[in-house]
Amino acid sequence: MKLLLLLLCLGLTLVCGHAEEASSERRNLDVDKLNGDWFSIVVASDKREKIEENSSMRVFMQHIDVLENSLGFKYCIKENGMCRELYRVAYKTPKDGQYFVEYDGGNTFTINKQDYDRYLILRIVSYKNRETFQVMSLYGRTKDLSSDIKEKFAKLCEAHGITRDNIIDLTKTDRCLQARG
Ligand SMILES: *[C@@H]1O[C@H](CO)[C@@H](O)[C@H](O)[C@H]1NC(C)=O
């Protein structure tokens, strides 16, 4: 019984600690600073086929427009080896720091960590055909980021249950950079 209580307490501490960390990350979100050009640097998912070549969630970010209560995303994906440019608007949900966008199903995302001058981390929960999976994305203001930031991102992915072999460094692949205007 004592052991059970101890385990329960431990579990609650972990859950609460996590939630606190997540909310403090979002508290200082100043969306205006997200505006402008971005590059996809690393992508991760607990459903790897969604971020593999020619897949919908292997997104190559180009630009974010900060709009009223929404964010406009201009990005490319590769379909059958061809770069295709897309634009989607994500709307604020009643939940603080959360947005919703329809793209290959429904997606809610939060902006987990930001250092607007250099990088941005999104955590997306995607729903399609009653199936749910996560995608985490690291965007940079520059074409590449330091290994420190990539490592920070990888640790955050692991904290959300995404293993290292499901983390793909896109800087070594074709990111449709030639399609940027
Ligand atoms: C992506 O599509 C291209 C063109 O159809 C093909 O050559 C390539 O093998 C595809 N990649 C994967 C991983 O299926």
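Note that ligands are numbered from 1 as they come in the structure, with each ligand's atoms numbered from 1 the same way.
- Considering only non-hydrogen protein atoms, atom 9 (O) of ligand 1 sits nearest to Glu53 OE1, 4.6 Å.
- Between Phe73 and Phe109, the ring planes lie perpendicular to each other; the angle is over 60°, past the 30° to 60° tilted range.
- The protein reaches atom 14 (O) of ligand 1 closely, with a heavy atom under 4.0 angstrom from it.
- The protein non-hydrogen atom at the shortest distance from atom 2 (O) of ligand 1 is Asn54 ND2, 2.4 Å.
- At most 12 non-hydrogen atoms from other residues, nucleotides or ligands lie less than 6.0 angstrom from CD of Glu102.
- By the SG-distance test at 2.5 Å, a disulfide connects Cys176 to Cys83.
- Residues that satisfy the side-chain contact (heavy atoms from CB on, under 4.5 Å) test with Ser146, not counting sequence neighbours, are Asp148, Ile149.
- From the protein, the heavy atom lying nearest to atom 4 (C) of ligand 1 is Asn80 O, 3.1 Å.
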